Amino acid sequence: MLNIYNSLTNRKEVFIPIEPHKIRMYVCGMTVYDYCHLGHARVMVVFDMVYRYLQAAGYQVTYVRNITDIDDKIIKRANENGEPFQALTSRFIDAMHEDERALKILPPTHEPRATQSIAGMIQIIETLIEKGFAYVGRNQDVYYDVSQFEGYGKLSGRKLEDLRAGERIAIDEVKDDPLDFVLWKAAKAGEPAWDSPWGNGRPGWHIECSAMSMELLGHHFDIHGGGHDLQFPHHENEIAQSEACHGHTYVNVWMHNGFIRINDEKMSKSLNNFFTIRDVLQSYKAEEIRYFMLNSHYRSPLNYSNESLDNARAALTRLYTALRDLPVGTVLARSDYEQRFRAAMDDDFNTSEAISVLFELAREINRVRQEDLSQAANLGATLKYLAGILGLLDEEAEAWLRGGSQTTGLSDATIDNLIRQRLEARTNKNWAESDRIRDELKAQGVILEDKAGHTTWRRA
RNA sequence: GGCUGGGUGGCAGAGUGGUCAUGCAGCGGAUUGCAAAUCCGUCUACGCCGGUUCGAUUCCGACCCUAGCCUCCA
């Protein structure tokens, strides 16, 4: 039985889909004006893991992850670059897809863009105005009237008076209440704009997700996810808009992933302490990034450091080493390993515990491979199968181990050649020469392992 | 100030009212020409102070420290 922690109720709940065997899930994606950083990578990886596991658990999942391709930052950046905003966004959408492919992120079922749902947004705003939840402000922007929505604050656990008492609420003459948020922004000269009943303008940030999710998933769906920082105000506002518009529950389960940190501080654009995915891919394999993220629970903060990535590399090396040289096997049906793996995943996606099962499989493979190779192969198939649910261990073991972090100066052919020379020395019991060659390779980041009849190698 | 979280062994990171997380590192052994890899064994824990309990790292309360949100942010 699957349990998911629901940010709306602050506790784990038994998950019951609205329609049996089907799940409709929406995740807030990127605003595309720059390269994705590790924080974005975490959202991608976490919800990719969720998507994969829900499917492995037998659900038919419709997964929507949007792209925000119009907003103030995009306009600003496009102006700085002196290019149309569409040129900017399409470039970074391509870059994002490249990063996702590297990280083995499965494409969502739908990937809608804000600019393609303007009509839907206008429709919602019109309904909100009709129902008295929205008004045109003194600057021609359209605002949501927070005081009209009874449940405002239920997701983030805030009360309106607490919010008003907040230190950072600025007085704003154009709104009735400083907490009211913008649904539609009137365009200034030269800004991208769409025609609307309130004049030329563009959507506010929150409305796009209400419109896109509604178009693709209906007015009521199962899971809505995103980074923890979106809980307030973004998701709170989404609930306010959608539920005021349709008059019933918008989403059953809200999921929020924790942040990536640098030196115990949130990684973010505003703090300028971020690493882009492509930065990190210079020194580490994508799978190492993925493992690093999955090794801790999705709601925990995750401190980024080279040590953590090195750790991930060592862990993956151990798993791939167990898989190396195994014949093809059959996945063990209903094994104790699989049951414990699923039990861990059913407990709010406890990937850390699920991964520990992978290591137990690896140990068992190593234990039995001498006496019972076919059993080892079956265990190996089981290991690959379970790891696959997390999007791990998808590579061929030998290739992964030889791949290393980055290509060393030595070519595979050179390495093989040196190994041949060393083999000759060993046949003649010329240990000094044999060790010299091994040290030489080690200095180049190549580690040798002498087996019964042959020598294998891997890059450190 | 309001609201959420978190403090676990050398490091990373799960979890539990009374037997093991797991990975890396350390130590001892097996194996090896020596290594590497692997296997077996093994050591360093649960912020602080009280309470509940036969027993608490795990439940309750206070305290200290720390992160996040309250402004764009994954």
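Proteins come first, then strands; the chains are lettered A, B, ... in the order of their sequence lines, and each starts at number 1. Since this is a predicted model, take the numbers as computed values, not measurements.
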Can you list the residues that meet the ring pair (Phe, Tyr, Trp, His ring centres under 6.0 Å) rule with A/Y53, with sequence neighbours excluded?
none
Over how many whole Å does the gap from [X] atom [atom1] to [N] atom [atom2] extend?
X	N	atom1	atom2	value
A/F359	B/A14	CZ	P	14 Å
A/L390	B/U22	CG	C1'	14 Å
A/L163	B/C70	CG	P	11 Å
A/E288	B/C24	CD	C1'	14 Å
A/R202	B/C72	CZ	P	14 Å
A/L38	B/A74	CG	C1'	11 Å

Pairwise [atom1] distance, [M] and [N] [rounded to whole Å]:
N	M	atom1	result
B/U22	B/U16	C1'	15 Å
B/C59	B/G5	P	14 Å
B/G26	B/C43	C1'	8 Å
B/A30	B/A45	C1'	30 Å
B/G47	B/U53	P	23 Å
B/G15	B/A56	C1'	15 Å
B/U66	B/U8	C1'	15 Å
B/G17	B/U4	C1'	27 Å

Please list, chain by chain and in numerical order, all residues satisfying side-chain hydrogen bond (donor to acceptor under 3.5 Å, both in side chains) with A/Y250, sequence neighbours excluded.
A/S213, A/E238
Sequence neighbours left out, what passes side-chain hydrogen bond (donor to acceptor under 3.5 Å, both in side chains) with A/S242? Give chain and number order.
A/S210
Assign [X] to base, sugar-phosphate, or nothing according to its heavy-atom contacts below 4.0 angstrom with the strands shown.
X	value
A/M267	base
A/D435	base
A/L271	nothing

Tell me, which pairs form a side chain to side chain donor-acceptor pair (under 3.5 Å) where one or both residues lie in residues 349-358 of chain A, sequence neighbours left out?
none
Please identify each residue that fulfils salt bridge (Lys or Arg N to Asp or Glu O under 4.0 Å) with [X], with sequence neighbours left out.
X	value
A/K76	A/E80
A/D141	none
A/K266	A/D229

Checking A/E208 against A/T68: is there a side-chain donor and acceptor pair closer than 3.5 Å?
yes
Check this for me: does any side-chain nitrogen of one of [X] and [Y] sit under 4.0 Å from a carboxylate oxygen of the other?
X	Y	result
A/K104	A/D48	no
A/E360	A/R340	yes
A/R420	A/E424	no
A/K175	A/D145	no
A/E449	A/R458	yes

Checking A/V27 now: which residues fulfil side-chain contact (heavy atoms from CB on, under 4.5 Å) with it, not counting sequence neighbours?
A/M25, A/V43, A/F47, A/Y63, A/R65
Between A/N295 and A/K73, the residue closer to the 5' end of RNA chain B by nearest nucleotide is A/N295
Mapping A/E360 and A/F232 to their closest nucleotides on RNA chain B, which lands nearer the 5' end?
A/E360
Check this one for me: any side-chain N or O of A/S296 less than 4.0 Å away from OP1 or OP2 of B/A12?
no
Between A/K269 and A/F274, what is the shortest heavy-atom contact and its length?
CA-CD2, 3.8 Å
Indicate for each nucleotide in nucleotides 4-11 of chain B, in 5' to 3' sequence, whether protein heavy atoms under 4.0 Å reach the base (B), only the sugar-phosphate (S), or nothing (-).
-S------
So which protein nitrogen or oxygen atoms get under 3.5 Å of nucleotides 15-18 of chain B's nitrogens or oxygens?
| residue | atom | partner | partner atom | Å |
| --- | --- | --- | --- | --- |
| B/G15 | OP1 | A/N350 | ND2 | 3.2 |

Is any side-chain N or O of A/S300 under 3.5 Å from a base N or O of B/G13, one able to act as donor and the other as acceptor?
no
Applying the Watson-Crick and G-U criteria (both distances under 3.5 angstrom) with [ ] for crossing and | for other-strand pairs, one obtains for RNA chain B (((((((..(((.....[...))).(((((.......)))))....(.(((..]....))).))))))))....
Please list each protein N or O that sits under 3.5 Å from an N or O in nucleotides 35-38 of chain B, with the distance.
| residue | atom | partner | partner atom | Å |
| --- | --- | --- | --- | --- |
| B/A35 | N6 | A/D450 | O | 3.2 |
| B/A35 | N1 | A/D450 | N | 2.9 |
| B/A35 | N3 | A/R438 | NH1 | 3.0 |
| B/U38 | OP1 | A/R318 | NH1 | 3.3 |
| B/U38 | O3' | A/N366 | ND2 | 3.0 |

Indicate whether A/W431 forms a stack on B/G33; treat it as stacked only if centroid distance is below 5.5 angstrom and interplanar angle below 30 degrees.
yes
